Amino acid sequence: MAKHLRIGLVLPDVLGTYGDDGNALVLRQRARMRGIPAEIERILLDGTVPDNCDIYTIGGGEDSAQVIAAAKLAASPGLASAAADGRPIFAVCAGMQVLGRTFTAHGTQVDGLGLIDATTSPMSTRAIGEVSASPTRAGITATLTEPLTGFENHMGGTVLGPDASALGTVKRGVGNADGSVEGVVQGSVVATYMHGPALARNPQLADLLLANALGVTLAELEPLELGEVDRLRLERLR
């Protein structure tokens, strides 16, 4: 388990509006605390998207940022190749929409990467505030047991197609569209509307993604006892 972990931070210069870069930092720190060497590779707009990172994180941004990101990722197919190879990809908000089939930006429908069977169109009211959900335990998230929590801030309503599963069942907040489900799981992709950063607020999810990147099970990953993290989670879940 002592492999060197490469964490691909995808387009932080475009999809970096809401602090979701912190998800890559959380993965790196939780790996290093277990003695696993880990580095973040910043994949910028003027570079090439590699297909051989061990795990990828993608953040959120405005409509214009989404359009730019979708065009870049379509022209540089490394992320699609990584998904086909089963490498974990964690996407938040606009990142989730870009990985879907279509999304709407500035009133125009835009093609996404099609890595998840989901379409996004504008909602009449912005979803903003705390969101919590119970994990559906679908696909690669089948071993998740702890409640999910984050902060949502989006106008996009995401509808899942038959090839995609929800990450969680909403207990508080709006989630994808109507207060029923939150996030997407399909293949090696896990996506959500939860900011926070999401992996700081959901350490079990962070560890599950690490385990998948390392090729081990969640149970095989050395546990971390961090009382301050547990206390913060309890506050957020209340």
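Keep in mind that what you see is a predicted model, and the values were worked out from it rather than measured. Residue numbers count from 1 along this sequence.
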Common cluster, Leu199/Val184, ILVMFWY with side-chain heavy-atom separation under 4.5 Å: no
For Ala198 and Asn23, which heavy atoms make the closest approach, and how far apart are they? N-OD1, 3.3 Å
For the student: nearest non-hydrogen atoms of Asn176 and Gly183, plus distance: OD1-N, 2.7 Å
SB check Arg30 Glu222 (cutoff 4.0 Å): no
Side chain to side chain contact (heavy atoms under 4.5 Å, CB included) partner of Leu11, chosen from Leu73, Val49, Val98: Leu73
I need the minimum non-hydrogen distance between Ala213 and Pro88, along with the two atoms involved. N-CG, 3.7 Å
Separation between CZ (Arg101) and CG (Leu113), nearest 0.5 Å, reads 11.5 Å
Could you measure the distance from the CG atom of Asp85 to the CG atom of Asn52? Nearest 0.5 Å is fine. 9.5 Å
Quick one: do Arg34 and Asp207 satisfy salt bridge (charged side-chain N to carboxylate O under 4.0 Å, His left out)? Show the steps, please. CA-CA 11 Å; Arg34 294 178 165 95; Asp207 284 349; 2.8 Å; yes
Evaluate the side chain to side chain contact (heavy atoms under 4.5 Å, CB included) criterion for residues Glu152 and Arg126: first the C-alpha distance (whole Å), next the side-chain angles of each, then the deciding distance (0.1 Å), finally the verdict. CA-CA 9 Å; Glu152 60 184 352; Arg126 175 172 290 275; over 6 Å; no
Separation between CE (Met155) and CD (Glu62), nearest 0.5 Å, reads 14.5 Å
Derivation and outcome, side chain to side chain contact (heavy atoms under 4.5 Å, CB included), residues Ile128 and Phe151: CA-CA 7 Å; Ile128 184 167; Phe151 186 87; 3.8 Å; yes
Rounded to the nearest 0.5 Å, the OG atom of Ser134 sits from the CG atom of Leu144 at a distance of 11.5 Å
Just so I know, are the side chains of Leu148 and Met194 near enough to count as touching, which here means a heavy-atom distance under 4.5 Å? yes
For residues Ser180 and Asp178, determine if any side-chain heavy atom of one lies less than 4.5 Å from a side-chain heavy atom of the other. yes
Walk me through it: do Gln109 and Thr119 pass the test side chain to side chain contact (heavy atoms under 4.5 Å, CB included)? CA-CA 10 Å; Gln109 183 173 285; Thr119 58; over 6 Å; no
I'd like to check Ser64 versus His106 (side-chain heavy atoms, cut-off strictly below 4.5 Å). Are they in contact? yes
What is the minimum heavy-atom distance between Val185 and Ala138, and which atoms define it? CG1-O, 3.5 Å
Determine whether Leu9 and Asp21 make a side-chain contact, defined as any pair of heavy atoms from C-beta on separated by less than 4.5 Å. yes
Spacing of CG belonging to Leu218 relative to OG1 belonging to Thr141, to within rounding of 0.5 Å: 11.0 Å
Shortest non-hydrogen separation from Gly22 to Pro197 and the atoms involved: CA-CG, 3.8 Å
When you measure from the side chain of Asp111 to the backbone N and O of Thr102, does any donor-acceptor pair fall under 3.5 Å? no
Main chain of Lys72, side chain of Ser76: is a donor-acceptor contact present, judged purely on distance under 3.5 Å? no
So Leu44 and Pro12, do their side chains get closer than 4.5 Å, heavy atoms only? yes
Hphob cluster co-occupancy, Val190 + Ile55, side-chain heavy atoms under 4.5 angstrom: yes
Are the side chains of Asp54 and Arg87 in contact, using a 4.5 Å heavy-atom criterion? yes
Check the hydrophobic clustering (I, L, V, M, F, W, Y; side-chain heavy atoms under 4.5 Å; chains of links allowed) and say if Phe90 and Leu208 are grouped together. yes
Flag side-chain contact, heavy atom, 4.5 Å: Leu79 against Ile58: yes
Any chain of hydrophobic side-chain contacts (each under 4.5 Å) joining Val92 to Leu210? yes
Should Leu115 and Gln186 be marked as a side chain to side chain contact (heavy atoms under 4.5 Å, CB included) after you check the CA-CA gap, both sets of side-chain angles, and the distance that decides it? CA-CA 8 Å; Leu115 300 186; Gln186 184 171 336; over 6 Å; no
Name every donor-acceptor pair, under 3.5 Å, that has one atom in a side chain of residues 156-175 and the other anywhere in the protein, sequence neighbours excluded.
| unit_1 | atom_1 | unit_2 | atom_2 | d |
| --- | --- | --- | --- | --- |
| Thr158 | OG1 | Thr120 | OG1 | 2.8 |
| Thr158 | OG1 | Tyr193 | OH | 2.6 |

Do the non-hydrogen side-chain atoms of Thr57 and Asp20 ever get within less than 4.5 Å of each other? no
Applying a strict under-4.5 Å side-chain criterion to I, L, V, M, F, W and Y, I'd like to know whether Val10 and Phe103 cluster together. yes
What is the distance from atom CD1 of Ile43 to atom CD1 of Ile7, rounded to the nearest 0.5 Å? 11.0 Å
Give a yes or no on whether a salt bridge exists between Arg6 and Glu41, defined as a side-chain N under 4.0 angstrom from a carboxylate O. yes
